[in-house]
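These notes are about the structure you will find just below.
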Amino acid sequence: MKAQELAALEADLNRRETDIRRREEAVSGAVVRTDNRNWPPCFPIIHHNIAKEIPIHAQKLQYLAFLTWLGIVLCLVFNVVAITVCWIKGGGVKIFFLAIIYALIGCPLSYVLWYKPLYNAMRIDSALRFGWFFMFYLLHIAFCIFAAIAPPVIFRGKSLTGILAAIDVFSDSAFVGIFYLVGFGLFCLESLLSFWVLQKIYSFIRGNK
């Protein structure tokens, strides 16, 4: 029995040593790897390597968070498409420019403000970066909910494909309304997925204490 306990203790120590070595390597090589852009493969603009840089037990959560980042990018890009259709049908050019601004600002800011901090937090186990992630990820979820509703506060809310805007544009064009409904569905899905990921990451941090 004692031999089995010693073997189990040795295996646990080896696992901890491997994890510590991985984190030390991540910290020592952080600057070098950050400049090594490798994603997306067709036109690399960011560094991203979950399989090699994130501890195995945290990789699934990191992939889920990455999915939510891709989700908000999809929502904002489709929002531009839907608003473009509305503009062509006579919705006005102002909402088109607003949709472009949302996409141009929202996509990079979401990466810089909450996805990259989470990536670094998972990589080097940084409490400060986790706190930064939670603060801005909550703002991300709030924006998704706001966009899914699209209250009539700016140009009657038509610059976002929310449910209220969809109801409004349906009275003018059912074709445009369908685009808005699809956008509404995407923002709803992104809101739910993001909230679920937030809970998962919170439970993960609590479990590591």
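Both backbone and side-chain heavy atoms feed into the values below; hydrogens, waters and symmetry mates do not.
From Q59, atom CD reaches atom CD of E53 across 10.5 Å, with rounding to the nearest 0.5 Å. Distance CE/M135 to CG/L113: 8.5 Å, rounded to 0.5 Å. Interatomic distance, L104 CG to F97 CZ, rounded to the nearest 0.5 Å: 11.5 Å. Separation of atoms CZ (F130) and CG (N120) is listed at 10.5 Å; rounding is to 0.5 Å. Taken to the nearest 0.5 Å, the NZ atom of K52 stands 14.0 Å off from the CZ atom of R123. Atom CD1 in I54 sits 10.0 Å away from atom CD1 in I124 (nearest 0.5 Å).
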Inset, instruction - Could you give me the CA-CA distance, side-chain angles and deciding distance for Y119 and I46, then say whether side-chain contact (heavy atoms from CB on, under 4.5 Å) is met? - result: CA-CA 12 Å; Y119 187 93; I46 62 172; over 6 Å; no
Inset, instruction - Any chance you could lay out the side-chain contact (heavy atoms from CB on, under 4.5 Å) test for L64 and W196, step after step, and finish with the verdict? - result: CA-CA 10 Å; L64 287 174; W196 180 66; 3.8 Å; yes
Legend entry - Step-by-step side-chain contact (heavy atoms from CB on, under 4.5 Å) determination, K89 to D172: CA-CA 9 Å; K89 291 289 186 177; D172 299 323; over 6 Å; no
Inset, instruction - Test L109 against F136 for side-chain contact (heavy atoms from CB on, under 4.5 Å), laying out the working first. - result: CA-CA 10 Å; L109 277 187; F136 284 102; over 6 Å; no
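Applying the side-chain hydrogen bond (donor to acceptor under 3.5 Å, both in side chains) test to Y63 and every residue at least two apart in sequence or in another chain returns nothing.
Taking every heavy atom of both residues into account, P40 and I45 meet most closely at CD-CG1, 3.8 Å. Across every non-hydrogen atom of F187 and F143, the tightest pair is CE2-CE2, 4.2 Å. The minimum heavy-atom distance between Y111 and H47, with the atom names listed, is OH-O, 3.7 Å. When every heavy atom of I95 is checked against every heavy atom of I83, the shortest pair comes out as O-CG2, 3.3 Å. When all heavy atoms of C75 and L186 are compared, the pair lying nearest together is SG-O, 3.4 Å. Shown here for S159 and Y102, the closest heavy-atom pair between the two residues is OG-OH, 3.0 Å.
When ring centroids are compared, W39 and F66 come within the 6.0 Å threshold. Taking the six-membered ring for Trp, Y137 and H140 have ring centres closer than 6.0 Å. Taking the six-membered ring for Trp, Y180 and F184 have ring centres at least 6.0 Å apart.
Side-chain contact between V197 and I201 is present, with heavy atoms from C-beta onward closer than 4.5 Å.
The cluster map of Ile, Leu, Val, Met, Phe, Trp and Tyr, joined by side-chain heavy atoms under 4.5 Å apart, puts W114 and I205 in the same cluster. I145 and L198 fall within a single hydrophobic cluster, where Ile, Leu, Val, Met, Phe, Trp and Tyr are joined by side-chain heavy atoms under 4.5 Å apart, directly or via other members. Under the 4.5 Å side-chain contact rule for hydrophobic residues, F134 and I72 share a cluster. With hydrophobic clusters built from ILVMFWY side chains whose heavy atoms lie under 4.5 angstrom apart, V112 shares a cluster with F133. Two different hydrophobic clusters hold I163 and L192 under the rule that ILVMFWY side chains link at heavy-atom gaps under 4.5 Å.
Under a 3.5 Å cut-off, the side chain of Y115 and the backbone N or O of T68 do not form any donor-acceptor pair. At least one donor-acceptor pair under 3.5 Å links the side chain of N79 to the backbone N or O of T161. With hydrogens and angles disregarded, no donor-acceptor distance shorter than 3.5 Å links the side chain of N38 to the backbone of P44.
In the displayed structure, F195 atom CZ is contacted under 6.0 Å by at most 12 heavy atoms of other residues, nucleotides or ligands.
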